[in-house]
Amino acid sequence: MNKSESIKELATALNKAQNEMGGAIKDANNPFFKSKYADLGSVVKAIKEPFANNGLSYSQFPITDGDRVGIDTILMHSSGEWLSQSFTVKLTKQDAQGAGSAITYCRRYGLQAIAGVPSEDDDGQAASKQPSKPKGFTVDATAQQWIDAAKQDSAVLGQIEDLEYRKFIEGEL
């Protein structure tokens, strides 16, 4: 994370904005996993008015890092204070459509993270309980890499598309 020398006013404004915000509504469907998720529009809708009411704004810029694409999200306050964080993912489809999808994914999660916006009906309640470990997985070298990465930054769990495997990795944390 990068930030301005002081974030006192930004922190105060973000606190007030978060108090006004609701969750991002899970109104988009993921046909592959038969689940709902909060799309980028829902996240923007959740923050737009509370941000405007408290002198906050954001900007996101596409970035690349080797075979990874993503975004830089910058949270700004009218005082000139700011925070920024990069978020990249490895492309699964090496073309413009794959890059566009990955950037949109990163925009959504980057914005949710920097604004502190939960998704309504989020699985966070389930995460506060000890997750049951799905059967059929073992801690091999790949799983250990996911576990180690998730211990450093839990946001990487969002890169695991197989929900059962994600639950398995979460159960190993």
Side-chain angles (χ1 to χ4, degrees), residues 1-28 30 36-93 96-125 127-128 145-161 166 169-170 173:
M1 178 184 77
N2 296 305
K3 63 184 181 69
S4 57
E5 189 174 317
S6 170
I7 60 167
K8 182 181 177 185
E9 290 184 52
L10 183 150
T12 300
L14 184 58
N15 178 291
K16 289 177 182 176
Q18 287 173 336
N19 197 36
E20 295 174 21
M21 283 184 234
I25 298 171
K26 289 184 177 183
D27 56 1
N30 182 332
K36 293 180 99 41
Y37 67 96
D39 67 6
L40 180 59
S42 181
V43 175
V44 170
K45 186 177 180 179
I47 69 166
K48 191 171 187 170
E49 190 173 330
F51 268 33
N53 292 343
N54 291 284
L56 296 168
S57 61
Y58 72 94
S59 191
Q60 294 182 302
F61 301 94
I63 58 171
T64 61
D65 182 14
D67 63 347
R68 301 173 71 85
V69 299
I71 50 94
D72 272 335
T73 300
I74 305 169
L75 175 62
M76 300 166 282
H77 184 255
S78 57
S79 67
E81 295 176 348
W82 57 274
L83 295 170
S84 72
Q85 181 64 46
S86 298
F87 178 41
T88 63
V89 293
K90 191 169 184 171
L91 286 177
T92 56
K93 189 175 177 188
Q97 184 179 3
S101 294
I103 288 168
T104 299
Y105 178 90
C106 290
R107 287 189 64 204
R108 176 169 38 112
Y109 282 103
L111 187 54
Q112 269 188 278
I114 209 162
V117 176
S119 296
E120 277 191 9
D121 299 320
D122 198 7
D123 297 330
Q125 291 179 359
S128 66
Q145 287 177 336
W146 280 113
I147 293 164
D148 293 343
K151 284 180 180 176
Q152 291 182 4
D153 181 2
S154 63
V156 301
L157 291 170
Q159 296 177 31
I160 303 173
E161 294 181 4
R166 186 184 309 168
I169 297 300
E170 288 173 338
L173 294 176

Does the side chain to side chain contact (heavy atoms under 4.5 Å, CB included) test come out yes or no for Phe87 and Asp72, once each step is laid out?
CA-CA 7 Å; Phe87 178 41; Asp72 272 335; over 6 Å; no
Nearest non-hydrogen partners of Gln18 and Gly116, listed with the distance:
NE2-CA, 3.6 Å
So Leu14 and Phe51, do their side chains get closer than 4.5 Å, heavy atoms only?
yes
Would you name the heavy atoms of Gly22 and Val117 that are closest together and state the gap between them?
O-CG1, 4.1 Å
Partners meeting side-chain contact (heavy atoms from CB on, under 4.5 Å) with Asn2 (sequence neighbours left out)
Trp82, Ser84
For the atom pair NZ (Lys45) and CG (Asp39), what is the distance rounded to the nearest 0.5 Å?
10.5 Å
Without swapping roles, check the side chain of Glu81 against the backbone of Leu10 for a donor-acceptor pair under 3.5 Å.
yes
When rounded to the nearest 0.5 angstrom, what distance separates CD in Gln152 from CD1 in Ile147?
13.0 Å
Would Arg166 and Trp146 satisfy side chain to side chain contact (heavy atoms under 4.5 Å, CB included), going step by step from the backbone distance to the final call?
CA-CA 9 Å; Arg166 186 184 309 168; Trp146 280 113; over 6 Å; no
I'd like to check Leu111 versus Val44 (side-chain heavy atoms, cut-off strictly below 4.5 Å). Are they in contact?
yes
Can you run down the side-chain hydrogen bond (donor to acceptor under 3.5 Å, both in side chains) pairs that involve residues 51-61, sequence neighbours left out, and say none if there aren't any?
Glu20-Asn53, Glu20-Asn54, Gln60-Thr73, Gln60-Arg107
Under the side chain to side chain contact (heavy atoms under 4.5 Å, CB included) rule, what do Val69 and Cys106 come out as? Steps first, then yes or no, please.
CA-CA 9 Å; Val69 299; Cys106 290; 6.0 Å; no
Drop me the distance from Ile7's CD1 to Leu75's CG, to the nearest 0.5 angstrom.
9.5 Å
Rounded to the nearest 0.5 angstrom, the CD-OG distance for Gln112 and Ser42 is 8.0 Å
Between CZ of Arg68 and CD1 of Ile63, what distance do you get to the nearest 0.5 Å?
9.5 Å
Between Ser79 and Glu9 the two heavy atoms that sit nearest each other are CB-OE1, 3.5 Å
If you compare all heavy atoms of Ala115 against all heavy atoms of Ile47, which two are closest, and at what distance to 0.1 Å?
CB-CG2, 3.9 Å
Can you name the closest pair of heavy atoms from Met21 and Ala46 and give their distance?
CG-O, 3.5 Å
Working note: Leu91 + Asp67, criterion side chain to side chain contact (heavy atoms under 4.5 Å, CB included); need CA distance, chi angles, decisive distance, verdict.
CA-CA 7 Å; Leu91 286 177; Asp67 63 347; over 6 Å; no
What closest approach, in Å, do Ala102 and Val89 show between heavy atoms, and which atom pair accounts for it?
CB-CG2, 3.7 Å
Which residues pass the side-chain hydrogen bond (donor to acceptor under 3.5 Å, both in side chains) test with Lys3, not counting sequence neighbours?
none
